[in-house]
Protein chains: 2
Amino acid sequence: MPEQSPGYRPTLEAVAARAGVSRATASRVVNGGDGVRKPLVDKVLRAVEELGYVPNHAARTLVTRRTGAVAVVIAEPEVRIFSDPFFSQQIRGISKELTAHDTQLVLLLVEGPGDFDRITRYLSGGHVDGALAFSLHTDDPLPAITRRAGIPTVFGGRPGWTTDPGERAVPYVDADNRGGARVAVQYLRDLGRERIAHIGGPPDQTSAMDRLDGYRDVLLDMDPTLVAEGAFTVESGARAMAELLERRPDLDAVFVANDLMASGALRVLRDRGIAVPGQVAVVGFDDMDPVAKETDPPLTTVNQDIEGQGRLMAKLLLRSLDRTGNGAAPDSVITPTTLVRRASA
Amino acid sequence: MPEQSPGYRPTLEAVAARAGVSRATASRVVNGGDGVRKPLVDKVLRAVEELGYVPNHAARTLVTRRTGAVAVVIAEPEVRIFSDPFFSQQIRGISKELTAHDTQLVLLLVEGPGDFDRITRYLSGGHVDGALAFSLHTDDPLPAITRRAGIPTVFGGRPGWTTDPGERAVPYVDADNRGGARVAVQYLRDLGRERIAHIGGPPDQTSAMDRLDGYRDVLLDMDPTLVAEGAFTVESGARAMAELLERRPDLDAVFVANDLMASGALRVLRDRGIAVPGQVAVVGFDDMDPVAKETDPPLTTVNQDIEGQGRLMAKLLLRSLDRTGNGAAPDSVITPTTLVRRASA
DNA sequence: GTGAAAGCGCTAACAA
DNA sequence: TTGTTAGCGCTTTCAC
């Protein structure tokens with residue numbers, strides 16, 4: 001890579017001149033070289049190399065009307081984003097996929113309700129070609145915002161909104177929360193457990209709802225005293241476990257809606273000298289690294305491929321951005337989950 | 001906000017026409033309105049409002065040569081980024097500051113050594129005005145890359161590189177790791193502890209080095225058998241603690257280089273029935289939320305304002321990007337730390 | 001297959 | 001103070 005005086009940037013014009021061709025031909029070569037004779041292609045390529053030419057992105061965007069950038073919108077005012085590897089992993093997956101397609105990732109963090117205006121303006125401002133958003137709460141304004149902004153969007157996690165009839169469904173990627181929960185609870189049942197409790201997540205998050213539904217699917221005659229509500233944090237899991245033990249000292253298993261809460265629950269059980277899985281079997285959800293492996297005992301839990309979900313989101317979005325005809329509106333995808341057996345159940 | 005047929009975007013031309021002024025005047029108003037008479041300003045503003053005009057960013061960049069975007073480069077191939085809230089918090093601070101200055105955040109995740117080429121190309125490609133980078137390892141190639149790319153860069157964390165004489169020092173923001181460590185160890189000493197051990201982080205990270213140096217500052221006659229090395233993870237902290245107890249069962253205090261390792265150490269002490277702080281006092285580093293508050297017992301630790309560091313990084317970079325003359329090259333800043341007393345020491 | 005030329009939407013001299 | 005005009009660097013018809 002030739003080192004130039006910093007700040008100087010050769011233009012396509014310069015490349016064309018050096019290669020002895022027109023700007024148009026140089027442009028064709030830079031953009032793939034279709035329909036240009038081999039010798040000319042080589043000449044141009046050499047000029048590019050020698051000059052250290054890098055296309056001016058702004059100029060390109062101005063004429064093509066494509067920015068080559070995608071916004072990732074994260075609305076999570078809670079502390080949760082700080083202690084939850086969930087986002088980091090999804091973003092990693094997204095980043096990999098976008099990078100592979102020369103697309104930039106513009107991060108939009110929503111700090112508060114007042115920010116929605118800013119986000120709307122940005123999204124409608126032609127800065128990005130599409131958006132990826134995480135919608136966690138049932139009353140999330142994000143779906144409405146991206147719809148209004150009129151840019152293709154794929155959501156991470158099932159949005160809580162029920163689609164109005166006639167309105168186009170919002171495309172999303174989500175794990176099979178309900179199915180995973182079903183498998184987990186069925187597993188506890190097959191183990192012979194009879195009083196299977198559940199520690200659920202915040203009821204305004206669709207993943208929590210879906211996992212609770214999966215629990216209900218298996219335990220049709222669900223006893224409400226066996227269900228406690230947490231907040232997807234370690235501490236809330238501990239509290240919920242204590243509450244359950246208070247109410248139902250006879251419980252012999254718990255299906256916990258995420259690993260963080262499960263680790264809190266395990267701590268409470270250990271502190272009270274209750275054997276796991278001997279007296280109480282515990283199954284978590286997420287297979288979060290490294291939490292699940294390092295609990296005492298190691299946690300049996302439901303694995304979901306979070307990074308893969310991120311990749312998939314990006315993939316779906318990029319496909320809908322593709323102008324070569326097959327740029328159909330993306331469908332939603334539910335990714336599979338698998339039960340990982342460790343020692344807690 | 002007027003809803004238009006999606007895809008249509010009014011131009012400055014349209015605004016000017018509607019306001020009955022020239023494009024130049026419209027442009028002036030949109031960019032602050034200096035030197036335009038009030039009534040015209042109002043007219044233009046109204047036209048903007050009515051048309052729902054949003055400036056075309058590409059066109060503007062093309063002529064001003066400023067992108068209004070900043071890259072955040074994160075090179076952390078390790079698992080660590082997944083379990084460490086450190087980055088999320090810094091990014092949050094960065095995001096807030098950038099947003100307040102209408103600057104976009106482009107996220108660049110470095111997945112492996114092969115990625116450095118890509119990053120270099122991107123940074124020199126005029127996509128962004130500057131960069132913020134996290135340099136954690138002493139052999140990090142990032143400083144060299146951003147220098148070669150020739151764009152202003154501010155680092156998070158002291159880069160391990162010793163600056164060649166004559167070469168411009170790399171500007172960075174870092175916590176006062178050494179000073180914080182000094183205060184922590186001195187505090188243990190003031191408590192009357194006489195055999196103060198240390199669990200350090202990976203020696204290729206400057207923060208770990210600096211904290212170790214602070215420990216040494218106080219314990220000049222440092223005994224090597226009192227020092228163990230961890231990897232900034234819970235498990236490694238537990239291992240290091242076990243190792244130390246093996247070697248020096250007589251130790252009466254431990255200064256641990258971060259809270260994650262401290263929580264592992266506490267677990268080991270608890271498991272062995274060693275009273276904290278009765279027999280062994282423990283001080284951590286980071287005051288990580290929620291870890292430090294929720295250990296058993298709650299952790300006495302050194303607080304650093306991570307989000308503030310992020311803000312500061314952005315602030316320094318934006319200042320050096322400012323073209324109004326005072327755009328001096330940024331200096332480095334060391335942010336203060338404070339000891340937070342809880343129950344473990 | 002290749003080149004000439006128009007124009008994307010905007011800012012910044014320069015004129016008026 | 002306001003308007004006119006010349007590009008910024010690129011892609012893309014349209015001729016050749």
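As a basis for the values below, the full set of heavy atoms in this structure was taken, side chains included, without hydrogen atoms, waters or symmetry mates. Labels below follow one simple rule: chain letters A, B, ... track the order of the sequence lines, proteins then strands, and each chain is numbered from 1.
Of the residues near DNA chain D, A/Asn31 and B/Val63, the one whose nearest nucleotide (by heavy atom distance) lies more toward the 5' end is B/Val63.
Taking the charged nitrogens against the carboxylate oxygens, B/Asp322 and B/Arg319 have no contact shorter than 4.0 Å, which rules out a salt bridge.
Atom CG in B/Asn56 sits roughly 18 Å away from atom P in C/dG7 (whole-Å rounding). Rounded to whole angstrom, the span from the CD atom of B/Glu13 across to the C1' atom of C/dC8 amounts to 13 Å. A straight line from CZ of B/Arg66 to C1' of D/dG9 spans 19 Å, rounded to a whole angstrom. One interatomic measurement links the two molecules: NZ of B/Lys43 to C1' of D/dT1, which rounds to 14 Å at whole-angstrom precision. C/dT2 atom C1' lies 8 Å from atom CZ of A/Arg37, rounded to whole Å. Rounded to an integer number of Å, the gap from CZ of B/Arg60 to C1' of D/dG7 is 18 Å. Rounded to whole Å, atom P of D/dG9 lies 20 Å from atom CZ of A/Arg65. Rounded to an integer number of Å, the gap from CG of B/Leu62 to P of D/dC10 is 9 Å.
Within the 4.0 angstrom heavy-atom criterion, no nucleotide atom of any strand lies near A/Val30.
The side chain of A/Val36 lies closest to C/dT2 when the candidates are C/dT2, C/dA12, D/dT11. Side-chain proximity of B/Ala24 to D/dT11, D/dC10, D/dG3: nearest is D/dG3. Of the listed nucleotides (C/dC10, C/dA13, D/dT11), C/dC10 has the atom at the smallest distance from the side chain of B/Ala59.
Residue side chain B/Arg23 reaches the base of C/dT11 through a donor-acceptor N/O pair under 3.5 Å, judged by distance alone.
Remark: the B/Asn31 side chain and the B/Arg60 side chain contain an N/O donor-acceptor pair separated by less than 3.5 Å.
An OP1 or OP2 oxygen of C/dT2 is reached within less than 4.0 angstrom by no side-chain nitrogen or oxygen of A/Thr25. An OP1 or OP2 oxygen of D/dT4 is reached within less than 4.0 angstrom by no side-chain nitrogen or oxygen of B/Ser22. A close approach under 4.0 Å does not occur between any side-chain nitrogen or oxygen of B/Thr64 and OP1 or OP2 of C/dT11.
When all heavy atoms of B/Pro171 and B/Thr153 are compared, the pair lying nearest together is CG-O, 3.2 Å. Contact between B/Leu108 and A/Gln104 at its shortest, heavy atoms only, is CD1-OE1, 3.8 Å.
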Side-chain atoms of residues 13-24 of chain B: list all donor-acceptor pairs with protein atoms under 3.5 Å, sequence neighbours left out, distances to 0.1 Å.
{"from": "B/Glu13", "atom 1": "OE1", "to": "B/Arg23", "atom 2": "NH1", "distance (Å)": "3.1"}
{"from": "B/Arg18", "atom 1": "NE", "to": "B/Glu50", "atom 2": "OE1", "distance (Å)": "2.7"}
{"from": "B/Arg18", "atom 1": "NH2", "to": "B/Glu50", "atom 2": "OE1", "distance (Å)": "3.1"}
{"from": "B/Ser22", "atom 1": "OG", "to": "B/Ala24", "atom 2": "N", "distance (Å)": "3.4"}
{"from": "B/Ser22", "atom 1": "OG", "to": "B/Thr25", "atom 2": "N", "distance (Å)": "3.3"}
{"from": "B/Ser22", "atom 1": "OG", "to": "B/Thr25", "atom 2": "OG1", "distance (Å)": "3.4"}

